[in-house]
Amino acid sequence: MIAADNLINVHLPEDAVGDYPFTAVGQGGSEPAGQTYTFHTHHRAQLFQIVRGSLRLETESGYFIVPPERAVFVPSGVLHEVTYLQETERSYLFFRPEAVVDLPRDVSVIGTTPLLRELILAFLEIPRADAGSPRAERLAAVIIDQLETSPVAPLSLPSPTSGRLRAIAAGIRREPGEEWPLKELASRAAMSPRSFQRHFQLETGMSFRAWRQQAKLLKAVEWLAAGKSVGDISFALGYSGPSAFIAVFRAAFGTSPGQYFQGSERGGFRG
């Protein structure tokens, strides 16, 4: 059972000298659907582990969906905004920056193994007043070790850097199943279709077609986490039918939509 004081918000002074001296502090609890924490930073690195529900996290450079049995690692000092897409049960761990130098320097969505989930729960069972105890420090060290070999999940979408393309990308993210004709989008950006595609590739590192496909897949994961049916998702995203959607989903995630939340990926940090 999560210790009572770990259900209270963690106070993290921005002055690192005034921060807790130990490796990690944690907080468990839940968030209502629609709860948003506007753009902010922490001097500690943060791990969000999602037990039930889902969240959307946005940074200056990308957009991330975090469904159940996944977590998102946010390095120290990264400006980010978080929106809980449905009622969500989550755990936070905040790490001193020097303790996680071997973890990614960019925001990463990761798969959480049963072992990692149990380790996080065990850490939260230790009262915050004892977070610097030998047992807590040992658990924190093992959690970090597990994070170093946790798989990165393909649940991110890079954002264009220019204002005109960012606005277009935001509209597509909101409604990825719309037709979005290339000529119309290029006209809105005051570009030719060829120039639009070239600039989009330069700013995101992805072709416009691949980016749109990824936007659809992230929306699909969001809807699957909310319990929407595969058939409804396939048609809402503009696929010809469930079979076409399932094939694209399997190619991207290595499993069918129906099996996606039945276990976490395996592997190590990549990319």
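All values below were derived from every heavy atom in this structure, side-chain atoms included, with hydrogens, water molecules and symmetry-related copies excluded.
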**Message:** Checking Thr83 against Leu55 for the side chain to side chain contact (heavy atoms under 4.5 Å, CB included) test, could you report, in this order, the C-alpha distance in whole Å, the side-chain angles of both residues, the deciding distance, and whether it holds?
**Reply:** CA-CA 6 Å; Thr83 299; Leu55 66 82; over 6 Å; no
**Axial cation check for Tyr92 ring with Arg44, 6.0 Å and 45° limits** = no
**Prompt:** So, for Pro104 and Phe73, which heavy atoms are closest and what is the spacing to 0.1 Å?
**Reply:** O-CE2, 3.4 Å
**Leu103 vs Glu148, side chain to side chain contact (heavy atoms under 4.5 Å, CB included): CA-CA, chis, key distance, verdict** = CA-CA 6 Å; Leu103 295 184; Glu148 289 175 2; 3.5 Å; yes
**Message:** Before we go on, tell me: are the rings of Phe39 and His80 under 6.0 Å apart, centre to centre?
**Reply:** no
**Prompt:** Is a side-chain N or O of Arg96 found less than 3.5 angstrom from the main chain of Thr23, in a donor-acceptor match?
**Reply:** no
**Request:** May I ask you to test the Asp102-Leu147 pair for a side-chain heavy-atom distance under 4.5 Å?
**Result:** no
**Complete:** Note: Ile50 and Pro67 closest approach over all heavy atoms is CB-O, 3.6 Å
**Prompt:** Within the side chain of Thr88, is there an N or O that forms a donor-acceptor pair under 3.5 Å with the backbone of Gln86?
**Reply:** yes
**Request:** Given side chain to side chain contact (heavy atoms under 4.5 Å, CB included), test Val82 with Thr36 step by step and report yes or no.
**Result:** CA-CA 6 Å; Val82 179; Thr36 296; over 6 Å; no
**Request:** Tell me, yes or no, whether the heavy-atom count around Glu179 atom CD, taken from other residues, nucleotides or ligands under 6.0 Å, exceeds 12.
**Result:** no
**Request:** Measure from the side-chain N and O atoms of Ser195 to the backbone N and O of Ser192, and report whether any donor-acceptor pair falls under 3.5 Å.
**Result:** no
**Prompt:** Glu125 side chain to Met1 main-chain N or O, any donor-acceptor pair under 3.5 Å?
**Reply:** yes
**Prompt:** Between Thr204 and Met206, is there a donor-acceptor pair closer than 3.5 Å when you use the side chain of the first and the backbone of the second?
**Reply:** yes
**Asked** Can a donor-acceptor pair be found between the side chains of Ser30 and Glu87 at a distance below 3.5 Å?
**Response** no
**Prompt:** Is there a side-chain contact between Asp106 and Val78 (heavy atoms, below 4.5 Å)?
**Reply:** no
**Request:** Inspect the surroundings of CZ in Arg209 and state if more than 12 heavy atoms from other residues, nucleotides or ligands are less than 6.0 Å away.
**Result:** no
**Request:** Check whether any side-chain heavy atom of Tyr84 sits under 4.5 Å from a side-chain heavy atom of Pro32, and report yes or no.
**Result:** no
**Prompt:** Under 3.5 Å, side chain of Ser187 to main-chain N/O of Lys183, donor-acceptor pair present?
**Reply:** no
**Message:** Would you say Glu203 and Ser162 are linked by a side-chain donor-acceptor pair, where the criterion is simply a distance under 3.5 Å?
**Reply:** yes
**Item:** Pair Glu31, Tyr37: side-chain N/O donor-acceptor within cut-off below 3.5 Å
**Value:** yes
**Request:** Flag the pair Leu57 / Glu81 as yes when at least one side-chain heavy-atom distance between them is below 4.5 Å, and no otherwise.
**Result:** no
**Message:** Measuring only between side-chain heavy atoms, which start at C-beta, is Ile172 closer than 4.5 Å to Leu185?
**Reply:** yes
**Message:** Any side-chain to backbone donor/acceptor pair from Gln214 onto Ser156? Under 3.5 Å, distance only.
**Reply:** yes
**Message:** Does either side chain, that of Arg117 or that of Thr112, offer a donor lying less than 3.5 Å from an acceptor on the other one?
**Reply:** yes
**Asked** Side chain of Arg128, backbone of Gly26: donor and acceptor closer than 3.5 Å?
**Response** yes
**Prompt:** So, do Lys219 and Lys216 sit near enough that their side-chain heavy atoms are less than 4.5 Å apart?
**Reply:** no
**Request:** For Phe253 and Val221, run side chain to side chain contact (heavy atoms under 4.5 Å, CB included): C-alpha distance rounded to whole Å, both residues' side-chain angles, the deciding distance at 0.1 Å, then the answer.
**Result:** CA-CA 10 Å; Phe253 297 111; Val221 171; 3.9 Å; yes
**Message:** Would a single hydrophobic cluster contain both Val51 and Phe48, if residues Ile, Leu, Val, Met, Phe, Trp and Tyr are joined by side-chain heavy-atom contacts under 4.5 Å?
**Reply:** no
**Trp223 side chain near Leu237 side chain, heavy-atom distance below 4.5 Å** = yes
**Asked** Are Tyr239 and Phe235 an aromatic pair by the rule of ring centers under 6.0 Å?
**Response** no
**Request:** Please report the closest heavy-atom contact between Gly28 and Leu124, naming both atoms and the distance.
**Result:** N-CD2, 4.1 Å
**Request:** Could you check if a side-chain atom of Ile168 sits within less than 4.5 angstrom of a side-chain atom of Trp180, using non-hydrogen atoms only?
**Result:** no
**Prompt:** Which pair of heavy atoms, one from Ser150 and one from Leu116, lies closest together, and at what distance?
**Reply:** OG-CD2, 3.8 Å
**Request:** Would you kindly confirm whether Leu139 and Leu115 end up in one hydrophobic cluster when ILVMFWY residues are joined by side chain heavy atoms under 4.5 Å apart?
**Result:** yes
**Prompt:** How about Glu60: does its CD atom have over 12 heavy atoms from other parts shown lying under 6.0 Å from it?
**Reply:** no
**Prompt:** Of the non-hydrogen atoms in Gln197 and Leu182, which two are nearest, and what is the gap between them?
**Reply:** NE2-CD2, 3.4 Å
**Item:** Among Phe196, Tyr63, Phe200, the one residue meeting ring pair (Phe, Tyr, Trp, His ring centres under 6.0 Å) with Trp211
**Value:** Phe200
**Ser159-Ser61 side chain donor-acceptor pair, cut-off 3.5 Å** = no
**Prompt:** Under a 4.5 Å side-chain heavy-atom rule over Ile, Leu, Val, Met, Phe, Trp and Tyr, are Leu202 and Leu165 clustered together?
**Reply:** no
